[in-house]
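Worksheet: one structure, shown below.
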Amino acid sequence: MNAVNGDLFGRDGAREPWSEWLGSGTVLLHGFATTDAAAILADLARIIETSPFRHMVIVDGRPMSVAMTNCGALGWLSDTAGYRYSSFDPQSSHRWPPMPDSFSNLARAAAIQAGFSSFTPDACLINRYAVGARMSLHQDKDERDFRAPIVSVSLGLPAVFLLGGAKRTERAQRLALIHGDVLVWGGQDRLRYHGVQPLKAGCHPLLGDARINLTFRQAG
Ligand code: MD3
Ligand code: FE
């Protein structure tokens, strides 16, 4: 093991995580979730037994192409009344499943890497992209306090992420997000417009033809 060839690859040949600053408050932790991915997906399988993925509708009644569910004290909802956080899953009328330790430990460790030592997520929105699913440019502004970062974990098929500016009209940068990548968005970058291009077909060893994204928020 040496500085030339040793530090990118661990003992098992897997890439070691490395981080890249994309903005003053934004860090991309490449491979940060790779080791925990299988445990996270096992916990996710239990979450969707009680709160399955569903296609929420937007105000005009059209369903989103991304299927969603939540875990944690609060869950993000969209329906014809608009966007909001709620303690209850409207489909089961029970509380959202609790956030597993595998989820919250990873999110907090990632936030610490980005300098947010007191991040305590109370909401985890779970997005499932099938081939062709996309998310159009938007801001995340349904949370109470924008000083808290958002931590996002990408699993399964790769996606092209669009990172715009503070205004919708600013041109967006494209960024590849692959299995195991974790992004922390805070500070100046917290309210940037962002989206995801239509998912391309492929087959991931753990997730098949899907991409899962977990977004951790301090919503309440
Ligand atoms: C940049 N999800 O759930 S995660 C969302 O990949 C959402 O499913 C996308 O946007 C996905 O709201 C992107 C990365 C992300 C999340 C929040 C951000 C990027 C962000 C907030 C501000 C700026
Ligand atoms: Fe978003």
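Atoms within a ligand are numbered from 1 in the order they appear, just like the ligands themselves. Just so we're clear, the structure is a prediction, and the values are computed from it rather than from any experiment. Side-chain atoms are counted along with the backbone in the values below, which use heavy atoms only and exclude waters and symmetry mates.
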Q | Atom of His138 nearest the Fe ion (ligand 2) (restricted to N/O/S, atom name only) | A |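 Considering only N, O and S atoms, His138 comes nearest to the Fe ion (ligand 2) through NE2.
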Q) Which single N/O/S atom of Asp140 lies at minimum distance from the Fe ion (ligand 2)? A) OD1
So which bit of [X] gets within less than 4.0 Å of ligand 1, heavy atoms only: side chain, backbone, both or neither?
| X | value |
| --- | --- |
| Met135 | side chain |
| Arg128 | neither |
| Arg217 | side chain |
| Leu125 | side chain |

Q.
Cation-pi check for Tyr129 against Arg211: NZ or CZ below 6.0 Å from the six-membered ring centre and within 45 degrees of the axis, yes or no?
A. yes
Q | NZ or CZ of Arg190 within 45° of Phe146 ring axis and under 6.0 Å | A |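 Not flagged: Arg190 not positioned over aromatic ring of Phe146.
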[atom] - nearest protein heavy atom and its distance:
| atom | answer |
| --- | --- |
| atom 21 (C) of ligand 1 | His194 CE1, 3.4 Å |
| atom 13 (C) of ligand 1 | Phe161 CE1, 3.5 Å |
| atom 6 (O) of ligand 1 | Arg211 NH1, 2.9 Å |
| atom 22 (C) of ligand 1 | Arg190 O, 3.0 Å |
| atom 17 (C) of ligand 1 | Asp140 OD2, 3.4 Å |

Do any nitrogen or oxygen atoms of [X] come within less than 3.5 Å of a nitrogen or oxygen of ligand 1?
| X | result |
| --- | --- |
| His138 | yes |
| Asp189 | no |
| Ser152 | no |
| Arg192 | no |

(Q) Does the residue Gln139 have a heavy-atom contact with ligand 1, meaning some pair of atoms that are separated by less than 4.0 Å? (A) no
Q | Leu183 near ligand 1 by a heavy-atom separation under 4.0 Å | A | no
Q: Determine, using ring centers only, whether Trp76 and Tyr83 are less than 6.0 Å apart.
A: yes
(Q) For the NE2 atom on His94, are there more than 12 heavy atoms of other groups (residues, nucleotides or ligands in this structure) within a distance under 6.0 Å? (A) no
Q | Option of least heavy-atom distance to atom 3 (O) of ligand 1 (set: Val153, Asn127, Leu191, Ile126) | A |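 Comparing heavy atoms across Val153, Asn127, Leu191, Ile126, the nearest one to atom 3 (O) of ligand 1 lies in Asn127.
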Q.
Please compare Tyr129, Trp185, Phe146 and report which has the shortest non-hydrogen distance to atom 20 (C) of ligand 1.
A. Trp185
Answer yes if the side chains of [X] and [Y] hold a donor-acceptor pair under 3.5 Å, and no otherwise.
| X | Y | result |
| --- | --- | --- |
| Arg217 | Thr215 | yes |
| Asp181 | His179 | no |
| Asp140 | His194 | yes |
| Asp89 | Ser51 | yes |

Q: Check whether any side-chain heavy atom of Leu214 lies under 4.5 Å from a side-chain heavy atom of Ile40, and answer yes or no.
A: yes
(Q) Quick check: closest heavy atoms across Met99 and Ser104, and the distance to 0.1 Å? (A) SD-CB, 3.9 Å
(Q) Within ligand 1, which atoms have a heavy atom of Val196 less than 4.0 Å away? (A)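 That gives atoms 6 (O), 9 (C), 11 (C) of ligand 1.
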**Q.** Given Phe161, Phe116, Tyr193, Phe119, the one that forms ring pair (Phe, Tyr, Trp, His ring centres under 6.0 Å) with Trp185
**A.**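 Option passing the ring pair (Phe, Tyr, Trp, His ring centres under 6.0 Å) with Trp185: Phe161.
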(Q) Please report the interatomic distance CG(Leu74) to CZ(Arg144), rounded to the nearest 0.5 Å. (A) 10.0 Å
